[in-house]
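Here the structure is laid out as structure tokens; the discussion comes afterwards.
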Amino acid sequence: MKLVVTEKNDAAQKIADLLGVKKPKADKVYSTPVYRFDVDGEEWVTIGLRGHILEPDFTPSMVYKKRGGWQGVTEEGETFPADLPATLPKPPFKKKKPFTEDGVELKTWKMDALPYLVYAPIKKQPKEKEIIRSLKNLAKKADSVIIATDFDREGELIGSDALSCIQEVNASAPVSRARYSAFTKEEITHAFSNLVELDVNLASAGASRQDIDLIWGAVLTRYLTLVKFAGYGNVRSSGRVQTPTLALIVAKERERLAFVPEDYWVIRGAFGAEPDAFEAPHATARFKVEAEAQAVMAHVEGATAATVSSVEKKKRTVQPPAPFNTTSLMAAASAEGISPARTMRIAESLYMDGYISYPRVDNTVYPSSLDLAETVRAISGNPAYAPYCKELLAKGELKATRGKKETTDHPPIYPTAKATPDDLAPADYKLYNLIARRFLATLSEAAVIEGTKVTLDVNAEPFVAKGDVLVKPGYRAIYPYGLKKDEQLPALSEGETIAFGGATCTKKQTEPPARYSQGKLIQEMEKLGLGTKSTRHSIIERLYTVKYIQNDPIEPSQLGMAVCDALDKFAPHITHPEMTAELEEEMDNIAEGRTTKAQVVDTSRNLLSEQLASLLPHSEEVKDALADAVAADAYVGPCPKCGKDLQLRASQKTRGMFIGCAGWPDCDVTYPLPKGKVEAVPEPCPTCGMPQVKVTAFRSKPRTICIDPNCSTNKEPDVEVGECPACKANGKTAKLIAQKNPRTLKRFIRCENYDECGTGYPLPQYGALAATGEVCEHCGAPMVVVTTNRGPWRLCPNFDCPGKEQDEGKKDAKAGAKKPAAKKPAAKRKAPAKKA
DNA sequence: GCAAGGTC
């Protein structure tokens with residue numbers, strides 16, 4: 001039997017399809033899917049891994065006293081470092097540790113152990129145990145093995161890890177490597193009939209990246225976390241990619257802080273008469289000196305007519321955009337309000353459901369094997385695209401735009417099946433729509449815009465009106481994203497006199513450079529070589545979860561700035577993107593055989609050791625800086641009782657947030673907070689003067705609320721929403737009241753006779769609530785209307801209402817029928833049937 | 001309780 005190992009299940013299936021003469025048989029080994037088929041009478045099996053199946057980690061080890069010096073030792077008795085650098089401090093000695101003499105364990109997070117952790121041995125540990133089990137099971141029966149993971153450095157490493165698992169159970173089977181960069185019949189057949197050897201050097205280049213990332217990440221993360229301990233689960237991380245990324249954000253904020261706004265004055269005149277009235281600014285767009293602006297105002301004072309001194313028209317064409325790769329998709333989606341991390345989550349599920357092609361690509365050029373017309377036809381079933389698709393297809397041969405990056409591993413992201421708003425949840429459709437329209441745009445003609453520049457003369461003062469009109473929409477007809485509105489000017493001719501309705505002079509200020517949006521940051525990371533297409537979004541998300549950054553456009557928290565400053569001062573190597581550039585260079589050297597993994601990792605360890613040695617003596621300073629930053633981030637306002645700081649805090653028990661006084665335990669002032677992400681807001685409540693916080697509940701827009709439950713903005717009158725059905729069944733009459741608990745701010749419906757009948761329903765926690773007077777047809781609960789900023793939402797509050805499932809079922813059946821036949825409908829992807 | 005990189 002021939003065993004073929006791919007990087008993912010998808011690839012295993014595709015390769016089986018392309019190599020098998022007959023349709024491959026889908027099978028399972030334990031819980032892992034495999035594909036069996038015959039080639040010239042020989043049995044072949046393909047199995048897909050799940051990316052890396054092994055993961056490096058420190059081996060259990062400790063530092064102990066040796067005659068004449070100090071030594072690290074692993075559980076297996078291996079000692080490290082080979083030559084202890086003289087700069088290493090003496091480790092402290094503790095009594096009785098599990099496996100050797102007195103010492104300090106490296107597994108426990110201890111500041112004293114960090115200098116040794118730098119040199120601690122690393123071993124590959126199993127990560128995907130189920131896959132490894134299945135792989136070994138197949139390997140035992142294999143006569144030969146073909147590694148067919150992706151054709152890149154990480155692919156070589158994944159393949160090499162798989163091979164080491166295979167050889168644990170079968171050391172004799174011959175091994176070869178298939179290298180392909182597209183799932184086409186020709187490419188795959190060619191790769192499997194021209195097998196090569198696994199590139200061990202390339203794999204160890206990847207392995208050195210793993211080790212270096214782990215060592216630097218672990219040492220610096222532990223340092224930052226331990227230097228100012230803030231409770232378990234409160235990690236302050238650092239890493240080769242995330243820290244330089246944070247530094248970019250901090251540098252931008254510094255630029256903004258250093259920015260000194262300058263005053264300038266803008267003069268705008270009113271011209272023409274309704275309905276052709278329009279405004280135009282003075283030819284000097286910005287007056288830096290007020291007196292000059294006032295002089296112009298004096299010149300035009302009292303004027304009632306303007307002369308058209310020139311009319312210039314210029315046509316310009318705007319070329320249609322290039323096909324989407326991961327980065328450009330994330331940037332475009334980010335501009336539409338979908339974060340890169342969310343974009344990738346949605347894209348992954350659209351891909352799995354067969355709506356779009358593989359979403360992790362660098363390529364921006366459609367391969368010739370992609371049938372563009374067929375794809376247009378496939379999505380033309382969506383009525384919103386139908387007329388445009390028809391036009392495109394009528395043109396005959398389709399010609400697509402080409403981006404700058406051309407690789408052959410996967411095609412750029414394009415739609416693979418039709419979807420309509422009924423098939424997908426709203427956010428999913430929003431992304432699908434962007435991808436489908438972009439695809440059509442790349443096949444379209446350029447847009448032609450006519451720009452008009454009219455110079456108007458008022459008492460010898462020039463005013464300039466500019467207008468832009470789309471004269472030939474081209475791709476703009478299907479791809480309106482980022483489109484400015486037309487600014488139409490009335491038809492004017494040179495020498496014409498029109499009415500002048502006076503001018504206004506406004507004082508303005510220059511603006512600091514803009515913060516990064518998530519999309520812009522991803523593009524900047526790509527430019528600097530930070531992270532990969534598949535990881536950049538998760539790096540940014542990581543910075544949010546450790547609370548180094550907040551909001552979008554992104555601003556650093558005080559903590560983020562403090563971490564960045566501390567590292568930049570004492571361990572600057574980790575804060576610069578050059579660390580990645582240097583690592584890339586070293587990895588090339590390893591791949592080319594000019595150096596070895598051991599050498600590169602050792603050099604990196606020594607460098608980290610130096611950086612740590614410069615960090616450790618300044619721990620007090622770093623600790624204070626972090627403590628101040630954390631306090632500043634948590635500060636919401638002064639305590640009304642004792643005047644100390646009110647702070648955002650996490651409850652130890654529930655992990656929920658609340659506001660507590662820094663004077664605790666002397667001062668017991670606390671305020672409850674609703675569920676969701678909470679941030680401090682500088683402005684106090686306009687109604688009562690207490691501090692406010694910004695609360696972002698799951699999948700909701702942020703809202704700003706006063707922290708005082710007794711503030712009138714938090715009070716809500718009880719609303720009578722109907723009669724209690726349970727009491728009615730018992731022959732009694734009782735009202736159902738919607739109310740808000742003044743202590744917890746939770747809103748719910750309860751029967752006024754609750755103590756006896758126990759009837760209660762949950763309610764959405766915000767939005768204006770109103771009774772409808774109607775009763776749910778399924779369960780008899782009172783229907784209510786909640787109006788949020790997304791509009792009114794009519795709902796039955798009964799969590800167990802039998803009507804809920806029925807509605808979901810109907811929607812599923814309807815959507816399922818429209819799905820592409822090959823893919824199974826995924827129930828979880830459907831839009832929840834809630835808005836009526 | 002660490003990173004970054006694959007993929008789900």
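Predicted model, so just to flag it, every value in this text is computed and none were measured. Chain A is the first sequence line, chain B the second, and so forth, proteins listed ahead of strands; every chain is numbered from 1.
- Atom-to-atom, NZ of K8(A) to P of dG5(B) comes out at 16 Å; the value is rounded to the nearest Å.
- Remark: Q242(A) is in phosphate contact with dA3(B), judged by side-chain N or O atoms under 4.0 Å from OP1 or OP2.
- Between E348(A) and S238(A), the residue anchored closer to the 5' end of DNA chain B is S238(A), taking for each the nucleotide with the nearest heavy atom.
- When only modelled atom types and interatomic distance are considered, E154(A) and H52(A) share a side-chain donor-acceptor pair under 3.5 Å.
- Taking atom NZ on K129(A) and atom C1' on dC8(B), their separation rounds to 18 Å, with Å as the unit.
- For a distance-only test at 3.5 Å, the side chain of E128(A) qualifies as a donor-acceptor partner of the base of dC8(B).
- Between I574(A) atom CD1 and dC2(B) atom P the separation is 16 Å, expressed in whole Å.
- For S237(A) and dC2(B), the shortest distance from a side-chain N or O to OP1 or OP2 is not below 4.0 Å.
- Note: NE2 (H52(A)) to C1' (dA3(B)) measures 12 Å, nearest angstrom.
- Between the side chains of S357(A) and T416(A), no donor N or O sits under 3.5 Å from an acceptor N or O.
- Counting only heavy atoms from C-beta on, I539(A) has its side chain closest to dA4(B) among dG6(B), dA4(B), dC8(B).
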Checklist entry - Can you list the steps and then say if V175(A) with L198(A) is a side-chain contact (heavy atoms from CB on, under 4.5 Å)? => result CA-CA 8 Å; V175(A) 179; L198(A) 193 81; 5.5 Å; no
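- Here T535(A) reaches the OP1 or OP2 of dG5(B): one of its side-chain N or O atoms lies under 4.0 Å away.
- Atom CD in E55(A) sits roughly 14 Å away from atom P in dG5(B) (whole-Å rounding).
- Residue contacts for G51(A): at a heavy-atom cut-off of 4.0 Å it reaches a base atom on one of the strands shown.
- At a cut-off of 3.5 angstrom, the base of dA4(B) holds no donor-acceptor pair with the side chain of E154(A).
- Nucleic acid contact for G531(A): sugar-phosphate only, since backbone atoms but no base atoms lie under 4.0 Å from a heavy atom of the residue.
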Item to check | Stepwise salt bridge (Lys or Arg N to Asp or Glu O under 4.0 Å) check, E130(A) with R133(A) | outcome: CA-CA 5 Å; E130(A) 262 307 296; R133(A) 190 164 159 239; 3.0 Å; yes
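- Candidate nucleotides dC2(B), dG6(B), dA4(B) were compared by shortest atom distance to the side chain of K127(A), and dG6(B) ranks first.
- Looking at heavy-atom distances under 4.0 Å, K533(A) makes no contact with the nucleic acid at all.
- The residue D161(A) sits apart from the nucleic acid: no heavy atom pair falls under 4.0 Å.
- One finds a side-chain N or O of R240(A) lying less than 4.0 angstrom from the OP1 or OP2 phosphate oxygen of dG5(B).
- Rounded to whole angstrom, the span from the NZ atom of K124(A) across to the C1' atom of dG5(B) amounts to 11 Å.
- Across all strands, T225(A) comes closer than 4.0 Å to base atoms (heavy-atom distances).
- At the phosphate of dG6(B), neither OP1 nor OP2 sits under 4.0 Å from any side-chain N or O atom of T149(A).
- Straight-line distance from the CH2 atom of W216(A) to the P atom of dA3(B): 15 Å, rounded to whole Å.
- At least one side-chain nitrogen or oxygen of Y358(A) sits closer than 4.0 Å to the OP1 or OP2 atom of dT7(B).
- The nearest whole Å value for the distance from the CD1 atom in I215(A) to the P atom in dA3(B) is 14 Å.
- Across V250(A), I249(A), D633(A), a single residue satisfies side chain to side chain contact (heavy atoms under 4.5 Å, CB included) together with M561(A), and that is V250(A).
- Side-chain contact between S61(A) and Y116(A): absent, with no pair of heavy atoms (C-beta onward) separated by less than 4.5 Å.
- A donor-acceptor pair under 3.5 Å links the side-chain atoms of R236(A) to the main chain of L224(A), judged by distance alone.
- For the pair R360(A) and dG6(B), the criterion of a side-chain N or O lying under 4.0 Å from OP1 or OP2 is not met.
- Here R542(A) reaches the OP1 or OP2 of dA3(B): one of its side-chain N or O atoms lies under 4.0 Å away.
- Evaluation of atom-type donor-acceptor distances gives no pair under 3.5 Å for the side chain of D213(A) against the base of dC2(B).
- Counting any heavy atom pair closer than 4.0 Å across all strands shown, S534(A) reaches a base atom.
- Residues F229(A) and V241(A) each lie close to DNA chain B; by heavy-atom proximity, the contact nearer the 5' end of the strand is made by F229(A).
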